[in-house]
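Quick notes on the structure that follows.
Just so it is clear: chains get the letters A, B, ... in the order the sequence lines come, proteins before strands, and each one is counted from 1.
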There are 2 protein chains.
Amino acid sequence: MPYDPSAFPPFAVTVDLVVLTVRRHSLCALAVRRGEPPFQGRWALPGGFVRADEDLAQAAARELAEVTGLRVHDPFAPVQDNGAHLEQLATYGDPKRDPRMRVVSVAHLALAPDLPAPRAGSDAGDARWAPVEELLQQGGYGRDGEPVAPLAFDHTQILADGVERARSKIEYSSLATAFCPPEFTVGELRRVYEAVWSVALDPRNFHRKVTGTPGFLVPTGGTTTRQGGRPAQLFRAGGATLLNPPMLRPEV
Amino acid sequence: MPYDPSAFPPFAVTVDLVVLTVRRHSLCALAVRRGEPPFQGRWALPGGFVRADEDLAQAAARELAEVTGLRVHDPFAPVQDNGAHLEQLATYGDPKRDPRMRVVSVAHLALAPDLPAPRAGSDAGDARWAPVEELLQQGGYGRDGEPVAPLAFDHTQILADGVERARSKIEYSSLATAFCPPEFTVGELRRVYEAVWSVALDPRNFHRKVTGTPGFLVPTGGTTTRQGGRPAQLFRAGGATLLNPPMLRPEV
DNA sequence: GATCATAGTCGTCTGCCTGACGATAAGCAC
DNA sequence: GTGCTTATCGTCAGGCAGACGACTATGATC
């Protein structure tokens, strides 16, 4: 097949972001309100077009910075700089997913520590952190009794896939530390797991597991009483990225 | 940002396929020889443009059928029809990955039982199964002493990612059965694991593990002596897709 | 037909890890 | 000090995996 520009249809390529964090003991995702059609006024995941000279990861990092102000961790520098973890999630290309034209969206998953407040993006009228259960229940009623409209486009599916990725990935990787500030206690890390998995974990077994896994946690020497009760040791994330054996997610 | 067709650059979108199978005790991938520039004469992964009215998964299934004649398993019908397993792998969009124009490729991973011979695709001059180590070692020398040229484009990276996905996924899923014919023995399944992981497994512990995992294997009642030695029971894949606890991959 | 090689299948034992849970430590509020 | 909270250490039993012995049932070879 010789090179013939008319031989293939043109596509628009976007990146959409599933940005997750843990706030008030529940897993939350960043949603922006759409300012223009289609789906005007509905909530959606942040995202935008990939520019002509941009890599996909660059585009995702740029979008993330625009909406949250977060920078992305250098994956080869496991030092905590309050940046976020960013990875490609999946690509969505149903011909009808955008009524305007043929759009292929490369979704990315970002995990961030709890942030003060979402920064309203330049082109997004409004932005907020919302519990993922609230965003995923389509056509139901939110905690305040208001009817909940499903997310725009196929973003409910994208969000569900991102949440599932995060839930499974903290089992066998040290990624849960991406939800924590640079220094954190074992209890704080445990509450991350509990929020992401929506389960209760035994504090004693959890402590034994995470402190016994080489390279997972590095004590910084400090202690804190942020949570009340007996002061807890502070840790940073160690260099290990894969947990072997993994954390076990209790069944239901 | 109002809808403005000039606001985004046009992309070409392709699907590329990492098609894996196990032949002669080694993990092999399907490679096609490129008939035209760029990279004319070099080996590459099979792939092609996504059509205007096609979903990404449809495009991948069509490409797979064109090159191998394989149909794809209905994921909700775990019956063995000698079809292949197909899943999205990742998307590659470096601005310079194709010298002709901006191409975003949505790579897919296909796992297939051993096939008689690759069917030379309509637009691919030649096709072959090659051991993945041979395809992944760039610029070295193959088993026949011939110099080995690296795969075209970024296909070496895509293949490496696909192989890694397959290697990790057979740990915690029943996907290894996708490499087997509809009916197979425990020994044949073990040889799949050994080929994919490049390790030797204890036949007795392996047998205990796979037959003891509920829903993994279903005995068909028949036996076979395909491999010589004592006749072995035949099994089909059971309904279970997730293995809990997982198969453990020996280190190194 | 006896013997051997090959592959399959069943058991045993030991060590490690996990879940359940008791006990103690060290802060804060009153 | 009392009570409450959270952190941390220990103990114990059950389950599972690795190492490996033993036996079974074929085909190949003598």
Original post:
With a non-hydrogen cut-off below 4.0 angstrom, is B:R191 in contact with a base, only sugar-phosphate, or nothing?
Top reply: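 Sugar-phosphate only.
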Side-chain donor/acceptor of [X] to backbone N/O of [Y], under 3.5 Å:
X	Y	value
B:D202	B:N205	yes
B:S168	B:R165	yes
A:T21	A:P113	yes
A:H155	A:A44	no

Original post:
Below 3.5 Å, does any donor atom in the side chain of B:R204 face an acceptor in the base of C:dG8, or the other way round?
Top reply: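 Answer is no: no donor-acceptor pair is held.
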Figure out the [atom1]/[atom2] separation between [X] and [N], and round it to whole Å.
X	N	atom1	atom2	answer
A:L243	C:dC17	CG	P	13 Å
A:E171	C:dC17	CD	C1'	16 Å
A:R208	C:dA20	CZ	P	11 Å
B:D202	C:dC13	CG	P	17 Å
A:L234	C:dG27	CG	P	14 Å
B:L189	C:dG8	CG	P	11 Å
A:R249	C:dT18	CZ	C1'	17 Å

**OP:** Take B:L189 and B:L217 through the side chain to side chain contact (heavy atoms under 4.5 Å, CB included) test and state the conclusion after the steps.
**Re:** CA-CA 10 Å; B:L189 184 62; B:L217 299 183; 4.2 Å; yes
Subject >> Nearest-nucleotide comparison on DNA chain C, the residue closer to the 5′ end among A:T225 and B:T211 >> reply: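 Counting from the 5' end, the first nearest nucleotide belongs to B:T211.
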Subject >> Residue met sooner reading DNA chain C from 5', once A:G229 and B:A232 are mapped to nucleotides >> reply: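 Closest to the 5' end, via its nearest nucleotide, is B:A232.
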Subject >> First encountered from the 5' end of DNA chain D, between A:N205 and A:R230 >> reply: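 That would be A:R230.
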Subject >> Toward the 5' end of DNA chain D, by each residue's nearest nucleotide, A:P203 or B:G228 >> reply: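 Its nucleotide being nearer the 5' end, the pick is A:P203.
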Original post:
Going 5' to 3' along DNA chain D, which nucleotides are the first and last within contact of chain A (any atom under 4.0 Å from a heavy atom)?
Top reply: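 Endpoints of the contacted stretch of DNA chain D: D:dT5 to D:dT11.
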Original post:
Is a side-chain donor-acceptor pair under 3.5 Å present for B:Y92 with B:D16?
Top reply: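 Per modelled atom types, B:D16 and B:Y92 side chains form no pair under 3.5 Å.
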Original post:
What are the two closest heavy atoms between A:A107 and A:I158, and how far apart are they?
Top reply: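 Closest heavy-atom pair between A:A107 and A:I158: CB-CG2, 3.6 Å.
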Original post:
Does A:K209 place a side-chain N or O at less than 4.0 Å from the phosphate oxygens OP1/OP2 of C:dT18?
Top reply: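 Answer yes for this pair, as a side-chain N or O of A:K209 is under 4.0 Å from OP1 or OP2.
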